[in-house]
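Structure record follows, encoded as structure tokens.
Because only heavy atoms are used, hydrogens play no part in the values below, and waters and symmetry mates are left out as well, while side chains stay in. One-based numbering, in listed order, for ligands and for the atoms of each.
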Amino acid sequence: MKNISIGHVDLAYYDTLQGESWKGNIPQVNPLTTLLMVHGFPLSHAMWRPVIEELEKTKRCRIIAPDLAGYGESTSATLPTSLSEYADDLALLLDTLSIKEPVVYVGFSMGGYILWPFLMRYANKLKGIALVDTRAADDSDEARATRLKMARNVEQWGTERVTQLMRPNLFSAENMDSEVVDKTLQVITSTDPKTIAASQLAMAARPDSTSLLADIKVPTEVVVGESDQISTVAEMRMIADAIAGAEFTVIEKAGHMTPVERPVELAAALLKLVDRVAIS
Ligand code: MLT
């Protein structure tokens, strides 16, 4: 992991250019596509590691996978109060790393919610989009009330309770007892309660972004685990249908956490997108 100071955040990020297999050598793929991989709630870039491992074998794209403000190894003097602020941090990260070519934004769940303000502010930084187990709609009243309750109480509850509340909705029945479940839940439990509260408030306040879908002009891949209960197959199919030319992939034996449950299949879908971006 590398660290970089961007405004109020000391942002930690993984960059394949520093990865073991690349050892600082930029592969001769012209132009080299950069994937900006944005994690979900309340996780860290670590959720992408199994997918990154697959993608790194091909050396066909550079990957930047940050820990958002307050998550993982990133520290922040003040926490974002809206999803737009997370989007601003990502744009600043790309600028600070001098990544001038547009990137492929890969957003998982909350990382996908952050795409919507990113798209409104920084469309010129995008040349492709992957929406992974995410949503474009805002919350129902009930879901919003649940978020606000967690935001109010998480410091008193402790993160173990957050983990227990989230666990049943994250994984498919096939994977419930696997090692990846434990690893993922450990990340949730180790997240700072203040960060959890800040993100819940930001997600509760997010607007419905479905009207943005028809304006997306870059190659797009929509991927969902077949038994995802948070962003369902039906909802993600509607997202794909609303984006001109979007490809839609349903991944078997995966719930919400497709990136850790089925990394090989997800990496294959992302590589298809990299190919489409290269010829677009
Ligand atoms: C996530 O995985 O990022 C969360 O489940 C998103 C949410 O709480 O809606």
Is the closest basic N to carboxylate O distance between D139 and R147 below 4.0 Å? yes
Report the relative orientation of the aromatic rings in Y86 and Y71; use parallel for angles under 30°, tilted for 30 to 60°, perpendicular for over 60°. tilted
Enumerate the atoms of ligand 1 whose separation from the nearest heavy atom of G40 is less than 4.0 angstrom. 3 (O)
With a 4.0 Å cut-off on heavy atoms, is H39 in contact with ligand 1? no
Ranked by distance from atom 4 (C) of ligand 1, the top protein heavy atom is S109 OG, 3.3 Å
Does any N/O atom on H256 come nearer than 3.5 Å to any N/O atom on ligand 1? yes
Report the nearest protein non-hydrogen atom to atom 3 (O) of ligand 1: residue, atom name, distance rounded to 0.1 Å. F41 N, 2.7 Å
Does some non-hydrogen atom of M257 fall short of 4.0 Å from ligand 1? no
Those residues at least two apart in sequence (or on a different chain) that pass salt bridge (Lys or Arg N to Asp or Glu O under 4.0 Å) with D275 are R60
Is it the side chain, the backbone, both or neither of R135 that has a heavy atom closer than 4.0 Å to ligand 1? neither
How close does the nearest protein non-hydrogen atom get to atom 8 (O) of ligand 1, and which residue and atom is it? R147 NH1, 3.0 Å
So, for A69 and T195, which heavy atoms are closest and what is the spacing to 0.1 Å? O-CG2, 4.0 Å
Any nitrogen or oxygen of I230, side chain or backbone, less than 3.5 Å from one on ligand 1? no
Can you list every pair that meets side chain to side chain donor-acceptor pair (under 3.5 Å) and has a residue in residues 216-229, with sequence neighbours left out? E221-T249, D228-S231, D228-H256
Taking 4.0 angstrom as the limit and counting only heavy atoms of F108, give me the atoms of ligand 1 inside it, by number and element. 2 (O)
